[in-house]
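Residue numbers start from 1 in every chain, and the chains themselves are labelled A, B, ... in the order their sequence lines are given, proteins ahead of strands. Computed from a predicted model, the values in this text were never measured in an experiment.
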Amino acid sequence: MPELPEVEVVRAGLTPAVTGATVQAVTIADARALTRHVAGAADFERALTGRVLEQPARRGKFLWIPLGVEAAESRPRALIGHLGMSGQLLLRQSGAPEVRHERVRLDIHHSVHGELAVVFVDQRTFGSLAVDTLVPTPDGAAAGWGTSRAELPSQVAHIARDPLDAAFPDAAFRAAVARKDSAIKRVLLDQTVISGVGNIYADEALWAARVHPETPARALSTRTVNRLLAKIRAVMARALAEGGTSFDAQYVNVNGQSGYFSRSLNVYGRGGAPCPRCGTPLVRVAFTNRSSHFCRRCQRRLTVR
DNA sequence: ACGGCTACCTGTCAGC
DNA sequence: TGCTGACAGGTAGCCG
């Protein structure tokens, strides 16, 4: 469940169940789910077993759960997760049967909720978990949603703040856009410029802001960039309120339930259908091994002045 | 710096 | 029915 709203649904769902819980056991069904943990599966299991989990945090599409401090460790650590294209984190009762594509399971004990299982499921195995050290945020502000601490996993250090983050630097984003010759859609998908935006929300926000996805970023006026940023926030906030986007059982919350935002999509996946604003048939064009959906009439391509 | 391509995987669907 | 190719929400890296 890739993009920011879907990941946030997971973070929020995990929070009450894992905050303050202790990891009782780690079961690795498929070590490919640990590619981000360079020290290997056995080390991953050792690093987590017996540890206390703190409140889950998120920046963009990355999730992390800080581990309670242990005296012997010089640096605080966290369990980090990225869901890739098809990852799910499910909360189950302890002892729940193994599910299809289950990769990793954490059996946890929570003082209020008792014995639970956090199950990482991932069909395509592009997602992964790891234990990583926390490093200070360069700007000194809280690292993301769900945390007041100004530290984030080292593997997330290169990821920009996301547009729902209170500390997202609007001015720096405008400046970065003004510097780039790349197509604006490519810039929106660049997680080092703005994080959390993926193919769906990029297409939706560009349509809402009436910006052609192939417009060179620096051709956009400041006013247009501001409008685009506002639309990104609006579309993500609405998706979040509807529990995220899902087209099938693949993209679900921690209870395995799907969100409803796919019913609200204006352009994504709707090539050939009429533009909801002007009725012109929407187009779908190939773009970096994926697709862009937009309206040729409402979204005019600009050139650099 | 940029665009294009590849790799990493499994599954579904349309067309023949 | 079975094969083939296109396509799917992500990230990272290489090359020209």
Side-chain angles (χ1 to χ4, degrees), chain A residues 1-10 29-38 58-63 80-89 99-103 120-130 132 153-160 162 176-205 213-219 232 235-236 239-240 242-253 258-262 264-265 267-272 284-293 304:
Chain A
M1 27 177 84
E3 304 186 44
L4 184 155
E6 292 74 39
V7 180
E8 176 54 26
V9 165
V10 171
D30 189 333
R32 291 177 303 176
L34 301 176
T35 51
R36 286 169 196 276
H37 190 86
V38 288
R58 180 194 55 73
R59 172 181 290 200
K61 304 169 196 173
F62 278 87
L63 277 172
I80 89 169
H82 193 291
L83 301 175
M85 291 281 264
S86 55
Q88 307 176 340
L89 278 166
V99 300
R100 187 158 152 85
H101 303 309
E102 178 167 334
R103 309 298 183 194
F120 181 62
V121 180
D122 189 9
Q123 178 201 108
R124 293 176 73 182
T125 70
F126 291 168
S128 79
L129 305 180
D132 192 12
S154 69
Q155 294 186 32
V156 187
H158 69 295
I159 300 296
D162 63 63
V177 169
R179 257 186 272 115
K180 297 224 173 245
D181 280 328
S182 298
I184 184 61
K185 179 164 174 185
R186 181 178 280 265
V187 175
L188 295 184
L189 295 179
D190 183 344
Q191 305 295 304
T192 69
V193 174
I194 181 171
S195 70
V197 182
N199 210 32
I200 294 179
Y201 298 111
D203 281 2
E204 291 297 314
E214 288 159 29
T215 306
R218 67 191 183 89
I232 292 168
V235 73
M236 283 185 168
L240 200 46
E242 294 181 36
T245 299
S246 47
F247 303 124
D248 51 50
Q250 196 99 160
Y251 307 100
V252 297
N253 67 16
S258 295
Y260 293 98
F261 193 68
S262 57
S264 306
L265 295 175
V267 288
Y268 185 83
R270 300 189 66 243
R284 182 180 81 82
V285 303
F287 166 81
T288 346
N289 264 352
R290 54 207 346 205
S291 302
S292 282
H293 312 76
V304 179

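With both ends at atom C1', the span from C:dA8 to B:dG3 equals 22 Å, rounded to whole Å. The gap from the P atom of C:dA6 to that of B:dC5 amounts to 14 Å, rounded to the nearest Å. Rounded to whole Å, the separation between the P atoms of B:dT6 and C:dG5 comes to 15 Å. Rounded to whole Å, the separation between the C1' atoms of C:dG2 and B:dC9 comes to 23 Å.
A 4.0 Å heavy-atom criterion places the boundary nucleotides of DNA chain B facing chain A at B:dC2 to B:dG11, written 5' to 3'.
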- request: Would you sort out whether A:Leu34 and A:Leu129 count as a side chain to side chain contact (heavy atoms under 4.5 Å, CB included), showing the intermediate values?
  value: CA-CA 5 Å; A:Leu34 301 176; A:Leu129 305 180; 4.0 Å; yes

- request: Would you check, one step at a time, whether the test side chain to side chain contact (heavy atoms under 4.5 Å, CB included) holds for A:Val193 with A:Lys180?
  value: CA-CA 11 Å; A:Val193 174; A:Lys180 297 224 173 245; 3.9 Å; yes

field: From CA spacing to verdict: side chain to side chain donor-acceptor pair (under 3.5 Å), A:Arg124, A:Ser86
entry: CA-CA 6 Å; A:Arg124 293 176 73 182; A:Ser86 55; 5.4 Å; no

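Within the nucleic acid shown, A:Tyr201 has no heavy atom closer than 4.0 Å to any nucleic acid atom. Using a 4.0 Å heavy-atom criterion, one finds that A:Thr35 contacts no nucleic acid atom at all. Here A:Arg290 lies in heavy-atom contact (under 4.0 Å) with a base.
Distance, A:Glu204 CD to C:dG9 P: 13 Å, rounded to whole Å. Distance A:Arg186 CZ to C:dG10 P: 14 Å, rounded to the nearest Å. For A:Ile194 and C:dT11, the CD1 to P distance is 13 Å, given to the nearest whole Å. Computed from coordinates, the A:Ile80 CD1 to C:dT11 C1' distance equals 12 Å when rounded to whole Å. In this structure, A:Leu189 atom CG and C:dG10 atom P are separated by 7 Å, rounded to whole Å. Between A:Arg124 atom CZ and C:dG9 atom C1' there is a gap of 9 Å when expressed in whole angstrom units. For A:Ile159 and C:dA12, the CD1 to P distance is 6 Å, given to the nearest whole Å. Note: CG (A:Leu63) to P (C:dT11) measures 12 Å, nearest angstrom.
The distance from atom CD1 of A:Ile80 to atom CG of A:Leu63, rounded to the nearest 0.5 Å, is 9.5 Å.
Contact annotation: A:Ser86 side-chain N/O to C:dG9 OP1/OP2 distance is not under 4.0 Å. In this structure, A:His158 reaches the C:dA12 phosphate: one of its side-chain N or O atoms is under 4.0 Å from OP1 or OP2. Regarding contacts with the backbone of C:dT11, every side-chain N or O of A:Arg36 stays at 4.0 angstrom or more from both OP1 and OP2. Considering only side-chain N and O atoms, A:His82 lies nowhere under 4.0 angstrom from the phosphate OP1 or OP2 of C:dG10. Residue A:Gln191 places none of its side-chain N or O atoms closer than 4.0 Å to OP1 or OP2 of C:dG10.
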task: Both distances under 3.5 Å, Watson-Crick or G-U wobble: on that basis, could you give the dot-bracket string for DNA chain C, with [ ] for crossing pairs and | for other-strand partners?
output: .|||||||.|||||||

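The two residues A:Phe120 and A:Ser128 have their closest heavy-atom pair at CZ-N, 3.9 Å. Across A:Lys185 and A:Asp203, no two heavy atoms sit closer than the pair NZ-OD1, 2.6 Å. Taking both residues in full, the closest heavy atoms of A:Leu188 and A:Ile194 are given as O-CG2, 3.6 Å, listed atom of the first, atom of the second, then distance. The two atoms that bring A:Ser182 and A:Val187 nearest to each other are CB-CG2, 4.0 Å, heavy atoms only.
Taking the six-membered ring where the residue is Trp, A:Phe261 and A:Tyr201 present tilted rings, their angle falling between 30° and 60°.
You'll find the side chain of A:Asp181 stays beyond 4.5 Å of the side chain of A:Pro216, heavy atoms only.
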